[in-house]
4 protein chains.
Amino acid sequence: MVNVKNNTATQETKRKLIDAAGEVFAEVGYERATIKEITDRAGVAIAAVNYHFSDKQELYYQVVRHAHEACTNGVRSLEQECEGCTPEQRLRRFIETILRQSMDDSLPVWRGMLLSREMHRPTAATDRFIEETLRCYVTAIEALLAELFGGPVEREQMWLLANSVMGQCFIYPHKKEILARLYPDLAPVADRIPLIADHIARSTVATARAMQEASHRPAAPPAPVG
Amino acid sequence: MVNVKNNTATQETKRKLIDAAGEVFAEVGYERATIKEITDRAGVAIAAVNYHFSDKQELYYQVVRHAHEACTNGVRSLEQECEGCTPEQRLRRFIETILRQSMDDSLPVWRGMLLSREMHRPTAATDRFIEETLRCYVTAIEALLAELFGGPVEREQMWLLANSVMGQCFIYPHKKEILARLYPDLAPVADRIPLIADHIARSTVATARAMQEASHRPAAPPAPVG
Amino acid sequence: MVNVKNNTATQETKRKLIDAAGEVFAEVGYERATIKEITDRAGVAIAAVNYHFSDKQELYYQVVRHAHEACTNGVRSLEQECEGCTPEQRLRRFIETILRQSMDDSLPVWRGMLLSREMHRPTAATDRFIEETLRCYVTAIEALLAELFGGPVEREQMWLLANSVMGQCFIYPHKKEILARLYPDLAPVADRIPLIADHIARSTVATARAMQEASHRPAAPPAPVG
Amino acid sequence: MVNVKNNTATQETKRKLIDAAGEVFAEVGYERATIKEITDRAGVAIAAVNYHFSDKQELYYQVVRHAHEACTNGVRSLEQECEGCTPEQRLRRFIETILRQSMDDSLPVWRGMLLSREMHRPTAATDRFIEETLRCYVTAIEALLAELFGGPVEREQMWLLANSVMGQCFIYPHKKEILARLYPDLAPVADRIPLIADHIARSTVATARAMQEASHRPAAPPAPVG
DNA sequence: AATGAATGAGCCTTCATTCAT
DNA sequence: GATGAATGAAGGCTCATTCAT
């Protein structure tokens, strides 16, 4: 029982540290975050970080790991929810999920911010998680696009389409502050998530369809735009 | 002549410092960058930073300022070049310019990387520049879209389209390393800039046209995708 | 007991630092004093200053505070000792105490030196303490002079007398080295403290008496000396 | 003529430097004074200090030298002025001169402040000047006291009296700020120089007379005060 | 298990001084 | 004669980490 109790206490302290660290890392980044600030917010001693985690790096690793798992879990549970829907509907739902995961204030605020930081420039210790997170997204997108096409898609076209989807999605959370400055009358973005998801989904479907048609008429490729 | 020479020498040292600082800041970010590393690369004494600029912050400010000016100048000169082209051509050229400015290896490598960092999370000292840089892009994009539409565009639709263009463009430079990991067979991206520009331009034009049509047939709005 | 022990250890280190800092500050002044010299003398790590005090300024503040308290405590305990004595005796004892506090080698040497520095030009952070220290002296002197007069004294006369007492006292500690150079045969001054106290007390009493008489014969003021 | 002109220019620059340095040294002390601040106030290049004087120390030396000479010259010219006066009158004039030299605002402000700093703790480079300055004062005082006594004075008594005079004088300039705090209603002191000089002179004469009488009646020494 | 005390490495900055012109 | 550019030495401070308890 002592072990159980201690374990519980330990887990509690670790959780408090991860939450506090998540906030601080998200707010000021890895370098500017100080262990003192984190332990102060968590209400524990400064030596607790080195005690429960081995060092600052490892704490950061665990924090990113938590955010990563929350995101991939979100995508997997979405796949189950949408089993009966059309490909177009599933694409739209998926896009909306990405947007919500990184901007919805009902989720822990720091999660999206932190992954935003990390996606932009992953740390050596965390790039695997980040890669996995994005790969989780990409795999889902590719599956959806394959369904849209109704058959195999050429790799380069898949690449272009997937990048376009992710690019259009991530600009909203990852350049949040700048967008708010450029279009102050259209902030906050979180309120327009359905509108955005609709736009991206439509555009993607239309572009995919156009690609499909073009590839079926190889004899007469459309003239380049520029 | 003495003044001229001295000025030249001063400018020379300042330039060496800005170049070296640009590299280092781009590589490891503001916090991890040390003045010693910068002055070592520039081949000057460590106190030179304090002499020519007042402190690390101001050096950083000047570095971002330089990158900012190079980018906005690039956009402006592009506008002159494309005076006789169709809107579609100009859009494609513009997209290609954004992509080249941030990925082309013939330009100072650090410029794109640094602005990438900054756009993601602008520093207090630099947010004005970053905002201006992006506003320069946005203004150009909006003008092109207005031409495409052949008339005024509703603000929210303009916002969605402009964000889509920027999102699709910036994902390539700003998530460069992650994309290389997700699609190792399609790296390096720099070699595919024309292809990407073509894709984004087509997609944008098609989406814009679709919007235009939809707004002309308000009686029968297309059913939502999802 | 753990807390008690830790507290003791902390207090011990702080005390060592304050003692070492007192010496160094007294010897070379605030600016020339280096934290390294202080921590070396105290036998602790250089970062200990920042840990126990926040910075060099705060350490200095605490050092001055200690010296201040020792001095004011000395004056207060003296007042209790001399309860039954005549005003003349008490004035003499008081003067001797001032002299001893700043020159007696049996007290921590740096205390007098440090206050000497501070009295000459108080730091922004310490002028309150210095003012209090001197005010403690002045209040005691004024009380003694009022007793000597046997009634209220005109403020300007009180001012002249108190300044004269303090001036005659402080010249010995505050211009110690120069006096040693001017009168090498009469050094060290510490051995002559009783003689000096006797001289200053006599002179003060005589001057006070003369003032008193003069004010009782306002009709025939004594001709100015010069 | 070129040499003459150059010499004149050189002297002019040196003078500007000494004046500016005097101000700065007086305001913030040797350590906190920076060469840049001095050369900025003097309106010359930063390298001028090392060019005209060899280093900061030497500049300081010259500044103190100037102040020293001004003071000793003042005492010497006073001696000539007062040739026909009584010893009492000359003592009073002398005291007034000391007070004016260190507090009168019509003189270069920094002179008194700087010597005040130096007297309190002479620098290795300047203690000779300071000693000379004070010795100049002491010699004059001793001569005046000898006249007052009308014959030779025992060395220890001379020491006590001279110290008392100097102590009473120097407390006003050297503890100026603190006195202003302790007696805010009696500031500024400069306006009360005649009153102070009168008080010190009277007190000194009276004390000297008392000493004289005591030494003439060795059979019945006065009982100690305390 | 958990903590407060203490540390060492490293960074930014200041400043007197030098050197080429 | 005089200067602006440039430097090297040194200091204060921060911070992650360790250790005794």
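Rounded to an integer number of Å, the gap from E31(D) CD to dG12(F) C1' is 16 Å. With rounding to whole Å, L17(A) atom CG is found 13 Å from dT3(E) atom C1'. In this structure, NE2 of H52(D) is placed 10 Å from C1' of dT3(F), rounded to the nearest angstrom. F53(D) has its CZ atom 13 Å from the P atom of dT17(E), to the nearest Å. Distance CG (N50(C)) to P (dG10(E)): 18 Å, rounded to an integer number of Å. In this structure, I38(D) atom CD1 and dA16(E) atom C1' are separated by 11 Å, rounded to whole Å. Atom-to-atom, NZ of K16(C) to C1' of dA5(E) comes out at 12 Å; the value is rounded to the nearest Å. Going from atom CZ of R32(B) over to atom P of dG10(E) covers 14 Å, rounded to whole Å.
Of the side-chain N and O atoms in T39(A), none sit less than 4.0 angstrom from OP1 or OP2 of dA16(F).
Across all strands, D55(C) comes closer than 4.0 Å only to sugar-phosphate atoms, never to a base (heavy-atom distances).
With 3.5 Å as the limit, one finds a donor-acceptor pair spanning the side chains of Y60(B) and E118(B).
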Please produce a list of atom pairs where a protein N or O lies less than 3.5 Å from an N or O of nucleotides 7-11 of chain F.
from	atom 1	to	atom 2	distance (Å)
dT7(F)	OP2	A45(B)	N	2.9

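To the nearest 0.5 angstrom, H66(D) atom NE2 is 7.5 Å from W110(D) atom CH2. Expressed to the nearest 0.5 Å, how far CG of D127(A) lies from CD1 of I178(B) amounts to 8.5 Å.
With salt bridges taken as basic N to acidic carboxylate O contacts below 4.0 Å, none links E12(D) and K16(D). The pair E27(B)-R41(B) meets the salt-bridge criterion, since a charged nitrogen lies less than 4.0 angstrom from a carboxylate oxygen.
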Inset, instruction - Under 3.5 Å for both distances, Watson-Crick or G-U wobble, that's the pair rule; now give the dot-bracket for DNA chain F, with | marking pairs to another strand and [ ] for crossing ones. - result: .||||||||||||||||||||

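The two atoms that bring Q57(B) and A125(B) nearest to each other are OE1-CB, 3.9 Å, heavy atoms only.
For the pair K56(B) and Y61(B), the cation-pi criterion (under 6.0 Å, within 45° of the ring axis) is not fulfilled.
Taking the six-membered ring where the residue is Trp, F129(A) and H68(A) present parallel rings, their angle staying beneath 30° rather than reaching 60°. Using bins of under 30°, 30° to 60° and over 60° for the plane-to-plane angle, the ring pair Y30(A)/F25(A) lands in the parallel bin.
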